[in-house]
Amino acid sequence: MLSGKRIILGVTGGIAAYKAAFLLRALQKAGAEVRVTMTPAATRFVGTETFSSLSKHEVAVDVFPENESATESWTQHISWGEWADIFVIAPCTANTLAKIATGAADNMLTSTVLAARCPLLICPTMDGEMFASPAVQKNLDTVQEFGYHVLEPEEGYLASGLEGKGRLPETDLILEKCSAVLKKNKSEGPLSGKKVVVTAGPTREHIDPVRFISNPSSGKMGFAMAEAAAQMGAEVILIHGPISLSKPTGIATIEIESTQELFEQVQKHADADVVIMAAAVSDFSPEEVHAQKVKKDKADSSIKLKQTPDILAWLGDHKKREQVLIGFAMETENLLENAQAKLEKKKADWIIANSLNEDESGFESDKNKVHLIGKKDTIQIEGLKSDVARQTLSHIFKNS
Ligand code: CTP
């Protein structure tokens with residue numbers, strides 16, 4: 001359940017802060033990507049360097065960092081809040097708990113709590129008497145009413161030298177609770193119970209066994225769409241052409257090579273509730289495919305091509321009631337005009353349009369700048385492809 005998940009680990013100023021380093025390692029071992037935010041008080045127990053070395057990412061402490069260029073910007077709490085699948089605060093002091101219960105946002109950790117779109121797991125850790133105090137108990141009730149999850153502390157020997165209920169639970173228990181929260185969240189997502197087909201990557205049209213017509217699609221955007229749909233609770237089938245990305249966990253994948261193979265697989269799954277055509281489909285294939293390698297001294301100087309089937313247009317013509325069809329448009333000129341024309345011609349519900357002329361977008365990039373064009377509105381989204389995928393799907397399923 002934790003493999004491939006993006007986790008924010010929040011560390012607050014209690015003696016159990018040192019245990020958070022072990023928790024971070026355990027989450028990574030389980031396959032998760034972890035970023036850490038600490039309260040200023042937490043940095044008095046463990047240095048930020050410990051967590052930045054382990055997480056291989058800068059630790060977020062201040063909303064207004066002194067060295068702005070070293071961080072994304074002062075809006076980092078917003079981007080982290082969108083990025084994460086789960087936010088775990090371990091240990092969580094009585095002070096931070098009180099701030100969460102009242103909506104205070106006086107540091108990066110508490111600001112990120114408010115910005116987070118993912119489930120929050122709070123592991124309160126403090127002295128036994130403090131934990132039993134009416135204020136802490138009331139705050140725990142309040143945060144659970146907000147829908148946040150709480151993992152109660154364990155009984156035992158405490159840093160004060162006293163015995164009581166206040167210890168941070170064992171790492172394995174925190175991991176188990178994270179998995180349970182993610183599982184619950186998945187089945188409650190806006191796409192739960194929905195079948196989503198995503199196509200990704202290029203297709204190849206062979207001329208002979210060693211030569212083909214293709215394009216430089218990396219498949220990154222399609223994979224990001226598949227992962228975003230799965231995180232929203234969908235049962236995802238990812239049909240992809242030849243690419244070098246590792247397979248996403250928990251998502252069924254089907255490999256294809258040619259447009260015809262892609263077409264056949266899409267037709268097989270055309271009963272899906274949502275189809276996302278992110279594949280960069282070859283528009284042409286050679287009329288003749290040679291069974292043996294064509295020797296260069298015998299090759300013709302031209303290759304006769306025929307058009308491949310337009311899969312999105314076929315889906316538009318065979319659209320089921322309530323089905324949502326999402327296409328892409330990759331343009332080098334007249335972006336909005338051409339993309340709008342594709343929306344209408346192919347009878348899609350949405351077109352995600354991007355221009356090859358923009359910096360930091362397009363085939364190989366990890367980022368993208370897109371216009372999401374619907375029948376009623378157009379919005380612009382930019383950022384990491386994973387963020388663009390999530391925001392796109394969130395907008396679509398708020399407006400479908
Ligand atoms: N598409 C498709 N089948 C094709 C070609 C494209 O299903 N044979 C889909 C793509 O997956 C994308 C959308 O149609 O979702 C638009 O693809 P794009 O390559 O931008 O446009 P084309 O329709 O190929 O038109 P043109 O190349 O003239 O821009």
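We count ligands from 1, going down the list as the structure has it; atoms in each ligand are counted the same way. Just so you know, residue 1 is the first one in the sequence shown, and it goes up from there. What you see is a predicted model; the values in this text were computed from it and never measured.
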Practice item. Could you find the nearest protein heavy atom to atom 10 (C) of ligand 1 and give me its residue, atom name and distance? Key: Ala279 O, 3.6 Å
Review point. Do protein heavy atoms approach atom 29 (O) of ligand 1 to less than 4.0 Å?
Key: yes
Check your understanding: Any idea which atoms of ligand 1 are less than 4.0 Å away from a heavy-atom of Gly327?
Key -> 15 (O)
Exercise for review: If you have a sec, work out which protein heavy atom is nearest atom 5 (C) of ligand 1 and how many Å separate them, to one decimal?
Suggested key: Asp283 OD1, 3.2 Å
Practice item. Quick one: look at Ala313 and ligand 1, take heavy-atom pairs under 4.0 Å, and tell me if it's side chain, backbone, both or neither. Key: neither
Review point. Contact between Ala280 and ligand 1, counting heavy atoms under 4.0 Å?
Key: no
Practice item. Quick one: closest heavy-atom pair of Thr110 and Ala104, and the distance? Key: CB-O, 3.4 Å
Practice item. Name the closest protein heavy atom to atom 17 (O) of ligand 1, giving the residue it belongs to and the distance to 0.1 Å. Key: Phe328 O, 3.7 Å
Check your understanding: Does a side-chain N-to-carboxylate-O contact under 4.0 Å join Glu331 and Lys342?
Key -> yes
Check your understanding: Backbone or side chain, does any N or O of Val281 fall under 3.5 Å from an N or O of ligand 1?
Key -> no
Check your understanding: Within 4.0 Å of atom 1 (N) of ligand 1 (strictly less), any protein heavy atom?
Key -> yes
Study note, to complete from the structure: For Met277, the ligand 1 atoms with a heavy-atom partner under 4.0 Å come out as 7 (O), 11 (O), 12 (C), 15 (O)
Revision key, fill the gap. So the atoms of ligand 1 within less than 4.0 Å of a heavy atom of Ala329 turn out to be 20 (O)
**Study point:** Stepwise salt bridge (Lys or Arg N to Asp or Glu O under 4.0 Å) check, Glu255 with Lys247
**Key:** CA-CA 11 Å; Glu255 290 179 31; Lys247 297 213 181 290; 2.9 Å; yes
Practice item. Could you check Val88, Leu151, Leu173 and say which one makes a side chain to side chain contact (heavy atoms under 4.5 Å, CB included) with Cys178? Key: Val88
Review point. Yes or no on side chain to side chain donor-acceptor pair (under 3.5 Å) for His395 and Asp377, after CA distance, side-chain angles and deciding distance?
Key: CA-CA 11 Å; His395 183 82; Asp377 65 345; 3.2 Å; yes
Exercise for review: Tell me, with the steps shown, if Lys195 and Glu235 meet salt bridge (Lys or Arg N to Asp or Glu O under 4.0 Å).
Suggested key: CA-CA 5 Å; Lys195 175 174 171 178; Glu235 178 217 332; 5.7 Å; no
Practice item. Please identify each residue that fulfils ring-ring contact (aromatic ring centres under 6.0 Å, His included) with His206, with sequence neighbours left out. Key: Phe212
Study note, to complete from the structure: For Thr308, the atoms of ligand 1 under 4.0 Å from one of its heavy atoms are 8 (N)
Check your understanding: What's the shortest distance from atom 3 (N) of ligand 1 to any protein heavy atom, and which residue and atom give it?
Key -> Ile311 N, 3.0 Å
Exercise for review: Using side chain to side chain contact (heavy atoms under 4.5 Å, CB included) as the criterion, point out the one residue from Arg390, Arg117, Gln76, Glu33 that pairs with Trp83.
Suggested key: Glu33
**Study point:** atom 8 (N) of ligand 1: nearest protein contact (heavy atom, Å)
**Key:** Pro309 O, 2.9 Å
Review point. Checking salt bridge (Lys or Arg N to Asp or Glu O under 4.0 Å) against Lys165, which of Glu154, Glu152, Glu129 comes through?
Key: Glu152
Study note, to complete from the structure: For Met330, the ligand 1 atoms with a heavy-atom partner under 4.0 Å come out as 20 (O)
Check your understanding: Is it true that His240 and Phe223 have ring centroids separated by less than 6.0 Å?
Key -> yes
Practice item. Could you check atom 7 (O) of ligand 1 against the protein and tell me its nearest heavy-atom contact, residue, atom and distance included? Key: Leu312 N, 2.8 Å
Check your understanding: Hey, looking at atom 23 (O) of ligand 1, which of Glu331, Lys345, Lys346, Lys342 has the closest heavy atom?
Key -> Lys346
Exercise for review: For the pair Arg6 and Ser386, evaluate side chain to side chain donor-acceptor pair (under 3.5 Å) and give the outcome as yes or no after the intermediate values.
Suggested key: CA-CA 11 Å; Arg6 294 184 290 199; Ser386 51; 3.2 Å; yes
